[in-house]
Amino acid sequence: QVQLLESGGGSVQAGGSLRLSCKASGYTFGTNCKAWFRQAPGKEREGVAAIVTVDGATAYNDSVKGRFIISQDNAKNTLDLQMNSLKPEDTAMYFCAAAPYNWCLQSWGSTDVYDKWGQGTQVTVSS
């Protein structure tokens, strides 16, 4: 059974940092597209960051560029998101996702690309 399990969420003050991790079981992230999304109450789920090619190229939402870093640990089979300089507007439920493709450079921000999702971890940033 494929399962993606997020961890590392929590409450932090603005300017602080958190590191999210997504552990896969029954599935190997490998070279397929994988991403972090977030969803705030009353808003649509949006792409935050992704690994979009076999070579490990990354893509970021403009709102997190320079603050967030997505990475993959093949030995641990995890997808991680280092979040620095957090802002109140980063408050949301964060989800990891994996796609059945290894190229999603143009479409990484669409939820339709991904067929595996975790249950989410809550991130709350206070001002």
Are [X] and [Y] packed together at the side-chain level, in the sense that at least one heavy-atom pair is separated by less than 4.5 angstrom?
X: Gln39; Y: Phe37; result: no
X: Leu79; Y: Leu4; result: no
X: Gln106; Y: Val52; result: no
X: Tyr60; Y: Ile70; result: yes
X: Glu46; Y: Arg38; result: yes
X: Trp117; Y: Arg45; result: yes

Once rounded to the nearest 0.5 Å, what's the spacing between atom [atom1] of [X] and atom [atom2] of [Y]?
X: Arg67; Y: Asn84; atom1: CZ; atom2: CG; result: 9.0 Å
X: Ser21; Y: Lys76; atom1: OG; atom2: NZ; result: 7.5 Å
X: Leu18; Y: Ser11; atom1: CG; atom2: OG; result: 8.5 Å
X: Cys33; Y: Tyr114; atom1: SG; atom2: OH; result: 6.0 Å
X: Gln72; Y: Thr31; atom1: CD; atom2: OG1; result: 8.5 Å
X: Lys43; Y: Met93; atom1: NZ; atom2: CE; result: 15.5 Å

So for atom CD, which belongs to Glu89, do other residues, nucleotides or ligands contribute more than 12 heavy atoms lying within a distance under 6.0 Å?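 Enclosed.
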Would you call the rings of Phe68 and Tyr94 parallel, tilted or perpendicular if under 30° counts as parallel and over 60° as perpendicular?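 Plane angle between 30° and 60°, so tilted.
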Counting only N and O atoms by type, is there a donor-acceptor contact under 3.5 Å from the side chain of [X] to the main-chain atoms of [Y]?
X: Asp55; Y: Ala57; answer: no
X: Lys87; Y: Val125; answer: no
X: Asn32; Y: Ala99; answer: yes
X: Thr78; Y: Asp80; answer: no
X: Asn77; Y: Tyr27; answer: yes
X: Glu6; Y: Leu20; answer: no
X: Ser110; Y: Asp112; answer: yes

Show the nearest heavy-atom pair for residues [X] and [Y], with the distance to one decimal.
X: Arg19; Y: Gln82; result: NH1-OE1, 3.1 Å
X: Trp108; Y: Asn61; result: CH2-N, 3.6 Å
X: Ala24; Y: Phe29; result: CB-CE1, 3.6 Å
X: Ala92; Y: Ala40; result: CB-N, 3.9 Å
X: Ala35; Y: Ala50; result: CB-CB, 3.6 Å
X: Ile51; Y: Cys104; result: O-SG, 4.4 Å

Applying a strict under-4.5 Å side-chain criterion to I, L, V, M, F, W and Y, I'd like to know whether Ile69 and Phe95 cluster together.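 No, because Ile69 and Phe95 fall into different hydrophobic clusters, even though each may have its own neighbours under 4.5 Å.
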Do Trp36 and Val113 sit in the same hydrophobic cluster, where Ile, Leu, Val, Met, Phe, Trp and Tyr count as joined when their side-chain heavy atoms come under 4.5 Å apart?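 Hydrophobic grouping puts Trp36 apart from Val113.
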Trace of the side chain to side chain contact (heavy atoms under 4.5 Å, CB included) decision for Met83 with Val123: CA-CA 10 Å; Met83 305 187 297; Val123 171; 3.8 Å; yes
Start with the C-alpha gap between Gln13 and Leu86, add the side-chain angles, then the distance that decides, and say whether side chain to side chain contact (heavy atoms under 4.5 Å, CB included) holds. CA-CA 8 Å; Gln13 288 192 327; Leu86 283 161; over 6 Å; no
Restricting to salt bridge (Lys or Arg N to Asp or Glu O under 4.0 Å), what partner residues turn up for Lys65, sequence neighbours left out?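 For Lys65, the residues satisfying salt bridge (Lys or Arg N to Asp or Glu O under 4.0 Å) (neighbours in sequence not counted) are Asp62.
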